[in-house]
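Below is one structure, written out as structure tokens; the observations come after it.
Just so we're on the same page: letters track the sequence lines, and every chain starts at 1.
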Number of protein chains: 2
Amino acid sequence: MNDEPLNLGLLLFIPYRAMETRVFAALAEAGFDDFTPAQARVFQRISPGGNRLTDLAEQAQITKQSAGFLVDQLERAGYVERVPDPTDARARLVRVAARGAAAVPVAAAVVAAVEQEWAAHLGGRDAQRLRQLLTRLREITDPYR
Amino acid sequence: MNDEPLNLGLLLFIPYRAMETRVFAALAEAGFDDFTPAQARVFQRISPGGNRLTDLAEQAQITKQSAGFLVDQLERAGYVERVPDPTDARARLVRVAARGAAAVPVAAAVVAAVEQEWAAHLGGRDAQRLRQLLTRLREITDPYR
DNA sequence: GAGAATAGTCAGAGACTCTGACCGTATGCA
DNA sequence: TGCATACGGTCAGAGTCTCTGACTATTCTC
């Protein structure tokens, strides 16, 4: 049923949504039942050394106010912490905290499992190709990088 | 900068978001400046004969209440209309109305343009391949179909 | 014809996002 | 050195989107 060609936007959205659903179901089951997709889109961008709020906002393509709102929640829930930026007294660095670090492997495991399912359906060679195509597409569609 | 492999979810999300941004910018410029992404995700699923609310909700993976909320707005803005379903007195069919029909070609043109840009970057053969891979991926990631 | 299922609405709450205004610190330059 | 400007971040308020739960009306099943 319904095999007419869809526009690429929707075609990208459908598997994205499927992945998201799977990850959040697993996180919830593992006890990380607070933690929302919006929070995750910020959390996901935190690098090992920590990031400034404005940096995270820019990467997630939201305003710094929205980023602040989400980081507040993440901080309250113990997923991240804010530390002063030694190089700039105005700024603070958002870093992954203990509970956040504990959630990462859970999420990573589901992502890996889903990617394997997809590879099983597409074939390993084509799964590889999909990743490569999307990575190349990112070159012209990621306003941050 | 930042070429480390990202998870497939994010890799799908980035171009999706880029497409969405482009389409909404063009719609706004063409005078369709009300019309939000959430409304579009419902609107996009309306088929020529019209759809029931619950059908749209299921496709968009939202509750029927949310779908009703969005269709209310679309109706008020003149993008869709509701007509009685001749086969079931409980139901009504949501159909594209005049203003909605006027917006479709504008959106379609942008989608086509963006897809062409992407094809120019990836190469026509690989763009074709990307579409094909995503279509196959839909087979196992679209809970509706 | 009775009971269960379905289509849709109403009410209320919570999450997410935005714009605009503001404070304190840093930077560039005369 | 000092001043204007830019930048990092917060506060306040509003709008949008989503959900859960409860309800009405109609249809389906037996």
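B:Glu58 has no carboxylate O lying under 4.0 Å from a charged side-chain N of B:Arg45, or vice versa, which leaves the two without a salt bridge. With salt bridges taken as basic N to acidic carboxylate O contacts below 4.0 Å, one links B:Asp126 and A:Arg136.
The closest donor-acceptor contact from the side chain of A:Arg99 to the backbone of A:Ala77 lies under 3.5 Å.
Evaluation of atom-type donor-acceptor distances gives no pair under 3.5 Å for the side chain of B:Gln65 against the base of C:dG12. The base of D:dT27 has none of its N or O atoms less than 3.5 Å from a complementary donor or acceptor on the side chain of B:Arg90.
One distance of note links CG of A:Asp142 with CD of A:Gln61; it measures 7.0 Å at 0.5 Å rounding. Taking OG1 from A:Thr135 and CG from B:Leu11, the interatomic distance works out to 4.5 Å, rounded to the nearest 0.5 Å.
Nucleic acid contact for A:Gln73: sugar-phosphate only, since backbone atoms but no base atoms lie under 4.0 Å from a heavy atom of the residue. Across all strands, A:Ser66 comes closer than 4.0 Å to base atoms (heavy-atom distances).
When the C1' atom of C:dC16 is taken as reference, atom CG of A:Leu74 falls 13 Å away, rounded to whole Å. The separation between B:Gln39 atom CD and D:dT16 atom P is 9 Å, rounded to whole Å. Atoms CG (A:Asn51) and C1' (D:dG9) sit 15 Å apart, rounded to a whole Å. To the nearest angstrom, P of D:dT27 lies 5 Å from CG of B:Asp88. Across the protein-nucleic acid pair, A:Asp34 atom CG and C:dG14 atom P stand 16 Å apart, rounded to whole Å. Remark: P of D:dT10 and CG of A:Asp72 are 7 Å apart, rounded to the nearest angstrom. A:Asp85 has its CG atom 10 Å from the P atom of D:dG8, to the nearest Å. The distance between atom CZ of B:Phe69 and atom P of D:dC17, rounded to the nearest whole Å, is 6 Å.
Between B:Arg41 and A:Arg52, the residue anchored nearer the 5' end of DNA chain D, judged by the nucleotide with its closest heavy atom, is A:Arg52.
Of the side-chain N and O atoms in B:Thr54, none sit less than 4.0 angstrom from OP1 or OP2 of C:dT6. The phosphate of C:dT19 has neither OP1 nor OP2 within less than 4.0 Å of any side-chain N or O from A:Thr63. A sub-4.0 Å separation between OP1 or OP2 of D:dG9 and a side-chain N or O of A:Arg82 is absent.
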